[in-house]
Amino acid sequence: MARFGESFLQQLGRPGWSQGMFDLGQAIGGIPGQLQQSRLRQQMAQFDTTTLAGRKGMLQSQLQQEKDPQKRLGLGEQISQIEQQERAEQLKTIQTENVKDLANQIETDLEDPELAKLVRSGQVSVTQGRAEVKQFAKAKEIAKRGRDAQLRYLTSVGLGASPLKTQVEAGKYEGVSEDSFARLVTNIQKTQKEEALIAGLKERGDKGKQVAEELELGIITSSQISERLQKLSANAPATTYSNKKRMLLDDKVVWTADVLRPGQDEFPGYMDPKTKEWKPVDASKLKKIPEEQEKSLRDINKSDLVIAATYLGKDSDYTALSQEEKDQAQFKFAFRVNELIRNKKVDSVEEAYETAYEERGEFQEESTWDKFLKVIGPQKRKKAEDYISEGQQ
């Protein structure tokens with residue numbers, strides 16, 4: 001035992017052996033730290049640092065194991081910043097959903113795809129969109145209360161002299177759906193605002209007149225007027241058109257023109273009713289409208305179409321049509337009113353509207369515009385009346 005002790009002490013005295021034991025001790029002492037680092041790496045690998053949630057989770061895990069107060073403070077600040085980002089992302093998601101829901105409501109309830117598109121693109125704010133929906137909802141609520149409430153409401157919103165009020169007073173809107181009444185009110189108000197803008201623009205020189213015409217055609221919306229005027233003032237390259245007139249394309253009345261886009265050759269085009277853009281068209285597919293009827297078509301404006309919608313809106317068959325079919329029916333109605341007045345077939349404008357409404361089957365049938373023009377064209381109608389008169393004699 002004594003010899004073992006002496007030998008052991010002698011070994012301890014040797015530098016090489018002592019250093020080896022020291023290294024071994026360090027290695028043994030470092031094992032807990034290595035294990036801790038390994039566990040930390042495994043924990044960190046569980047987090048997806050490309051996401052806010054992943055970075056936040058990683059920092060929180062580090063915070064739980066960190067003892068240094070300064071480092072803990074830094075980690076806490078980083079976590080707080082990420083939480084602010086998370087709240088901003090949540091708010092953005094909510095706002096996106098709100099815009100989507102609002103646009104869908106406008107498209108479904110108000111049947112205004114143009115306004116819905118502007119809301120989605122941000123050209124019309126959520127606040128403005130909600131104001132339109134609120135206005136529609138109020139008109140719809142008023143519609144439930146009967147004729148007297150409807151008349152008071154129309155006067156209160158500046159529609160006391162509108163054809164809609166005349167129709168309501170005459171009891172012609174009894175039984176008409178609340179949605180139809182509300183849409184007509186909001187459409188008339190919208191048209192009145194646009195007409196005021198158009199009148200103001202036409203007093204602002206050539207550029208103002210050009211913007212007014214683009215607004216009338218639907219190329220731009222009222223929210224784009226300022227931007228369009230700025231571009232014209234800066235002489236920015238823009239699409240121009242000339243020889244604008246109405247013609248028939250695939251049994252629809254459309255605007256046609258010679259269109260010139262920046263950097264391109266001029267081409268014959270038509271105004272697409274859906275996109276409100278000039279599109280190339282094969283000239284052979286266009287049909288000329290007889291000059292006699294073309295005069296009536298030239299006189300039709302947005303107000304005439306709104307009035308047409310006011311009268312036709314009493315008919316459930318009309319309200320069941322698609323928007324494109326409604327547009328064409330309104331156009332035919334307004335055309336017929338103009339024909340009746342121009343050819344002195346009626347004694348008053350009101351009688352023209354009532355006569356056109358009685359003939360509404362012509363406007364809602366899928367008959368071609370060619371047939372429609374022939375049926376109600378003054379020359380054809382006169383020949384028919386003369387034939388009947390001769391027969392009676």
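No hydrogens, no waters, no symmetry mates; every other heavy atom, side chains included, goes into these values. Positions are given from 1 along the sequence.
- Connection of Met247 to Val281 is established within a shared hydrophobic cluster, with ILVMFWY side chains joined at heavy-atom distances below 4.5 Å, either directly or through further cluster members.
- Formation of a donor-acceptor pair under 3.5 Å by the Arg72 side chain with backbone atoms of Glu66 is found in this model.
- The cluster map of Ile, Leu, Val, Met, Phe, Trp and Tyr, joined by side-chain heavy atoms under 4.5 Å apart, puts Leu75 and Leu52 in the same cluster.
- For the pairing with Glu213, the salt bridge (charged side-chain N to carboxylate O under 4.0 Å, His left out) check across Lys202, Lys207, Arg228, Lys244 returns one residue only, Lys244.
- Taking a cutoff of 4.0 Å between a charged side-chain nitrogen and a carboxylate oxygen, Glu107 and Arg120 qualify as a salt bridge.
- Remark: the backbone N or O of Ser125 is paired with a side-chain donor or acceptor of Gln128 at under 3.5 angstrom.
- Residue-environment remark: CG (Asp299) exceeds the threshold of 12 foreign heavy atoms within 6.0 Å.
- By the 6.0 Å and 45° rule, Lys314 stacks over the aromatic ring of Tyr357.
- Ion pairing between Lys276 and Glu114 fails under the 4.0 Å rule for side-chain N and carboxylate O.
- No side-chain donor-acceptor contact under 3.5 Å links Thr108 to the backbone of Gln105.
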Stepwise side chain to side chain contact (heavy atoms under 4.5 Å, CB included) test for Leu215 and Leu217: CA-CA 5 Å; Leu215 183 60; Leu217 288 173; over 6 Å; no
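- Using the six-membered ring where Trp is involved, Tyr353 and Phe333 have ring planes that are parallel, under 30° apart on the 30 and 60° scheme.
- For Ser80 (side chain) and Gly76 (main-chain N/O), no donor-acceptor pair under 3.5 Å exists by modelled atom type.
- Between the side chains of Gln230 and Ser233, no donor-acceptor pair is found at a separation under 3.5 Å.
- For an aromatic pair to be called close, the ring centres must be under 6.0 Å apart, and Tyr241 with Trp278 satisfies this.
- Between the side chain of Thr355 and the main chain of Glu351, a donor-acceptor pair closer than 3.5 Å is present.
- Under the 3.5 Å distance criterion, with hydrogens and angles disregarded, no donor-acceptor pair is assigned to the side chains of Asp179 and Ser177.
- Judged by distance alone, the side chain of Asp315 and the main-chain N or O of Asp317 form a donor-acceptor pair under 3.5 Å.
- Counting only distance, with no hydrogens or angles, the side chain of Thr186 and the backbone of Arg183 share a donor-acceptor pair below 3.5 Å.
- A donor-acceptor pair under 3.5 Å is absent between the side-chain atoms of Gln81 and the main chain of Gln78, judged by distance alone.
- No cation-pi contact links Lys245 to Trp255, judged by a cut-off of 6.0 Å to the six-membered ring centre and 45° from its axis.
- The number of heavy-atom neighbours closer than 6.0 Å to CD of Gln70, taken from other residues, nucleotides and ligands shown, is 12 or below.
- Donor-acceptor pairing under 3.5 Å is recorded for the side chains of Ser121 and Gln123.
- Taking the charged nitrogens against the carboxylate oxygens, Glu214 and Lys209 have no contact shorter than 4.0 Å, which rules out a salt bridge.
- With a 6.0 Å cutoff to the six-membered ring centre and a 45° limit on the axis angle, Lys279 does not count as a cation-pi contact of Tyr270.
- Defined by atom type and a distance below 3.5 Å, a donor-acceptor pair is missing between the side-chain atoms of Gln150 and Tyr173.
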